[in-house]
Amino acid sequence: METDKITAVVQETTFRNDDNGYTVLRVGVGRSQETVVGSLPELSAGENVVFEGTWTQHAIYGRQFSAKSCTITPPTGKSAIEKYLGSGLIRGIGPATAKLIVKHFGEKALEVLDQQPNRLTEIPGIGPKKASMIMESYVQQMGMRRALVFLQNYGLSPNLAMKIAKYYGENTIELLRQNPYRMVMDIDGVGFLTADRIAITMGIDPQSEFRIRAALFYLLNDAAGSGGHTYLPRKQLLDRACVMLHCETALVDNQISHAMLSKMLIGFSTPECDEALCLPTFYYAESEIALRMAQLMQSRPYKRVSGLEGRITDYEKEIGVSFSDNQKRAIMSAVEEGVLVITGGPGTGKTTIIRCIISLLKEDNEVLLCAPTGRAAKRMGDATGEEAKTIHRLLEYGGDVDAFARGEESPLETDCIIVDEMSMVDVQLMRGLLRAVLPGTRIILVGDSDQLPSVGAGNVLSDILQSEVVPSVRLTDIFRQDESSMIVLNAHRINSGEMPMLKNRDTDFFFERKVMQSQAAQTICELLQSRLPKYLGFPKDKWQSEATRCIQVLSPTKKGDCGSHALNRLLQDALNPEHKHKDAIIHGDTEFRVGDKVIQTKNDYQIEYVRKTTFGTEEGTGVFNGDVGYIDHIDPAEHLMTVCFDDERIVTYQKQQLDSLELAYCLTVHKSQGSEFPAVVMPVVGGPPMLMARNLLYTALTRARRLVVLVGREEVISQMVQNNHVAKRYTTLCDRLKAAVML
């Protein structure tokens, strides 16, 4: 679409969102008045602005100019300058003071503010204190606006430019001209390539220490985000940096040494690596987790509880279950140990055991339940009949990374904390949780160590188990009421390296053979449109809506005919087709429609939500990577979208925030962690060997409660079962736990 330019004089600001800069302006263009909208720097009446963008037609407000960028020139003429100064932009100057300033300095008023602000005291009524306030406000406002224009000239989005300008304030331009690479280390959302592009345009030396150190930071951070590593071997980091920077090995190696001296990187050795390099945040996170867990074990040593076996027997009789010896050991250990890990696969009774533990402890103890995601917390609460919160809510998350209200200064005052879905917990979240746990508090960690590890850095659950210094119980016996479930039996077969049983009829596990990816994709659409809703007994008039909510398609990959991207488009058209009376908006290459299932793809610590509870309306901030919801309302004209998430949080997204939402009819298996669905459908048609692995297939199957359907080829299933390759994560928690317990 071709862009237009308009030259206008700002009349007034009718709306502005200070968080993302979205603004609605009335401007004068020649003799006519027009409306300009977009993410813009704060503009004042009287300013001359050249806007670049496109003309649009709003359904309610009519013709508007949607601005993508703007160039500001100071107002000229006494009338325009007076209007500009009196607009409220500058603290301490209202319409009356503006009139006095212009009367005294005439058309040189802005020049005086820029170069000789101390002369303001020449005006009756403006003393040194007020002149200082005016000068400070003027410098801040001008600095912010110059920074936004400066950044947008380098192709940064208005939203990102606003974020950068807010971080550096009035010194933005000066700081970034000195070293644009500082953004990589200071601001979440600015990658190395973005900073590098700006730096090259500025003419900064490609071999500068700023560039090399930013690359080292970026590579270690990227290794944490994409591979879960908390450190990298020095040689591996060196090789990656040389390839990315096209620099000589000696130059990069020298900068690694300087970065270690300045404490930007921390070097150490492990049993597996003579020279390891780590960002301080991950180094101290794993160290702190190890020390705090050791302290918790020492502060509550093993203590036998008399009469416990009899109370467990009474519980068995009360609810009609019979625990195995191993399950009883888990229950007794949970009551008698200070720290315990309970791990096991599907059907091994983890939930029943948790219910029993809660029953035994509740008489004399306060017990808090939590899980890493909203879905996992809701499932935990439904299964136990007790309130369960996300770890973020439990810690009273405050809006910034690691900004928890609960911590050492305000700990959780409780006797016991039970954490479910521990395989999803990364080192940063685990550190935050342990900081809020008082010595003497009992902590019980529950999870399936055979599932995929956390999306974030670290391998917390596996490292704790591997250390063998934290009391743990591994459940292996299948709980008897699940023995008839082919889902459970096949999950355990896969985990043992055996092929699942595919030929059984009248079970909860089915296989549809399709050779071609396109055939498999079409079959998946048919399954969700009619075959499975009918089989599961959904009311016919609700087939599409129930299929959207109850049947989850999981794919090993994002790409290909059976990848999540392609299947999402197919399933959206099948389950929620276009309709002239259904509101929709196009954002990027995705069309969002009312009723669509969507997923949040990155943590947004600032976005606001409301939640209706029995105690009234709760307001808070934060939507997190992996949260799934449904589009409740769309305002196409304002580019606003309201999503209701599974835990009843209602969030309204503005245009720039939609970047973090994707369709969720099909999820990757990694994104499904911590969730459980009535039915799961999964294509098994091949893909990259690192993805087509046993633990991925096992994780997918264990997400299903009532039904699993695999669509594809037996040989692909066989390859996944035989591929027991688990991607190596470089972490230190296991070794640090062993060392901490020895102290």
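All residue numbers refer to positions in the sequence shown, counting from 1. Quantities reported herein were computed from a predicted structural model and do not represent experimental measurements.
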Would you check, one step at a time, whether the test salt bridge (Lys or Arg N to Asp or Glu O under 4.0 Å) holds for Lys99 with Glu82? CA-CA 6 Å; Lys99 185 183 286 292; Glu82 183 181 320; 3.4 Å; yes

Nearest 0.5 angstrom please: [X] [atom1] to [Y] [atom2], how far?
{"X": "Cys644", "Y": "Tyr630", "atom1": "SG", "atom2": "OH", "value": "10.0 Å"}
{"X": "Ile524", "Y": "Lys514", "atom1": "CD1", "atom2": "NZ", "value": "11.0 Å"}
{"X": "Gln600", "Y": "Gln657", "atom1": "CD", "atom2": "CD", "value": "9.0 Å"}
{"X": "Ile204", "Y": "Gln178", "atom1": "CD1", "atom2": "CD", "value": "9.5 Å"}
{"X": "Glu546", "Y": "Asp541", "atom1": "CD", "atom2": "CG", "value": "9.5 Å"}
{"X": "Gln673", "Y": "Thr668", "atom1": "CD", "atom2": "OG1", "value": "8.5 Å"}

Could you please spell out the steps behind the side-chain contact (heavy atoms from CB on, under 4.5 Å) verdict for Leu661 and Met641? CA-CA 11 Å; Leu661 282 178; Met641 193 163 83; 3.5 Å; yes

For [Y], is there any backbone N or O sitting under 3.5 Å from a side-chain donor or acceptor partner on [X]?
{"X": "Thr390", "Y": "Arg393", "result": "yes"}
{"X": "Ser66", "Y": "Gly53", "result": "no"}
{"X": "Ser137", "Y": "Met133", "result": "no"}
{"X": "Arg611", "Y": "Gly620", "result": "no"}
{"X": "Gln519", "Y": "Met516", "result": "yes"}
{"X": "Thr194", "Y": "Val190", "result": "no"}
{"X": "Ser660", "Y": "Lys602", "result": "no"}
{"X": "Asp561", "Y": "Gln517", "result": "no"}

Mind listing the closest non-hydrogen atom pair of [X] and [Y] along with its distance?
{"X": "Leu691", "Y": "Pro556", "answer": "CD1-O, 3.6 Å"}
{"X": "Asp627", "Y": "Phe645", "answer": "O-CE2, 3.6 Å"}
{"X": "Asn568", "Y": "Cys666", "answer": "OD1-N, 2.8 Å"}
{"X": "Gly595", "Y": "Tyr665", "answer": "O-OH, 4.1 Å"}
{"X": "Ile198", "Y": "Met183", "answer": "CD1-CE, 3.8 Å"}
{"X": "Leu570", "Y": "Ala521", "answer": "CD1-CB, 3.9 Å"}

Is a donor from one side chain sitting under 3.5 angstrom from an acceptor on the other, for [X] and [Y]?
{"X": "Gln552", "Y": "Lys597", "answer": "yes"}
{"X": "Thr642", "Y": "Thr652", "answer": "yes"}
{"X": "Gln64", "Y": "Thr35", "answer": "no"}

For Lys559, does the NZ atom sit with more than 12 other heavy atoms under 6.0 Å from it, leaving out its own atoms?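 Counting neighbours around NZ of Lys559, 12 or fewer heavy atoms of other residues, nucleotides or ligands fall under 6.0 Å, so no.
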
Taking CE in Met202 as the centre, count heavy atoms belonging to other residues, nucleotides or ligands within less than 6.0 Å. Is the count above 12? yes

Taking the side chain as every heavy atom from C-beta outward, state whether [X] and [Y] have any atom pair closer than 4.5 Å.
{"X": "Leu25", "Y": "Val49", "value": "no"}
{"X": "Thr557", "Y": "Pro688", "value": "yes"}
{"X": "Phe150", "Y": "Arg177", "value": "yes"}
{"X": "Val669", "Y": "Met682", "value": "yes"}
{"X": "Lys534", "Y": "Trp543", "value": "yes"}
{"X": "Leu532", "Y": "Phe538", "value": "no"}
{"X": "Leu536", "Y": "Ile551", "value": "yes"}
{"X": "Phe15", "Y": "Val37", "value": "no"}

Take Tyr181 and Asp196 through the test side-chain contact (heavy atoms from CB on, under 4.5 Å) and record every step on the way to the result. CA-CA 7 Å; Tyr181 293 105; Asp196 204 34; 2.5 Å; yes

Carboxylate-amine/guanidinium proximity below 4.0 Å for [X] and [Y]:
{"X": "Arg63", "Y": "Glu34", "value": "yes"}
{"X": "Lys163", "Y": "Asp186", "value": "no"}
{"X": "Glu12", "Y": "Arg26", "value": "no"}
{"X": "Lys671", "Y": "Glu662", "value": "no"}

Sequence-distant partners of Arg182, salt bridge (charged side-chain N to carboxylate O under 4.0 Å, His left out), two or more places apart: none

Quick one, Ile134 with Leu113, criterion side-chain contact (heavy atoms from CB on, under 4.5 Å). Give me CA distance, side-chain angles, the key distance, then yes/no. CA-CA 9 Å; Ile134 291 170; Leu113 280 170; 4.0 Å; yes

Residue pairs meeting ring pair (Phe, Tyr, Trp, His ring centres under 6.0 Å), one or both in residues 559-587, sequence neighbours left out, come to His579-His581, His587-His639

Would you mind telling me which of Leu100, Leu85, Leu120 makes a side-chain contact (heavy atoms from CB on, under 4.5 Å) with Ile93?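 The passing option is Leu85.
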
Name the residue from Asn576, Asp583, Asp573 that meets the side-chain hydrogen bond (donor to acceptor under 3.5 Å, both in side chains) definition with Arg593.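 Of Asn576, Asp583, Asp573, side-chain hydrogen bond (donor to acceptor under 3.5 Å, both in side chains) with Arg593 is met by Asp573 alone.
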
In sequence, state the C-alpha distance, the side-chain angles, and the governing distance for Arg649 and Ile607, and then conclude on side-chain contact (heavy atoms from CB on, under 4.5 Å). CA-CA 11 Å; Arg649 280 172 301 162; Ile607 195 167; over 6 Å; no

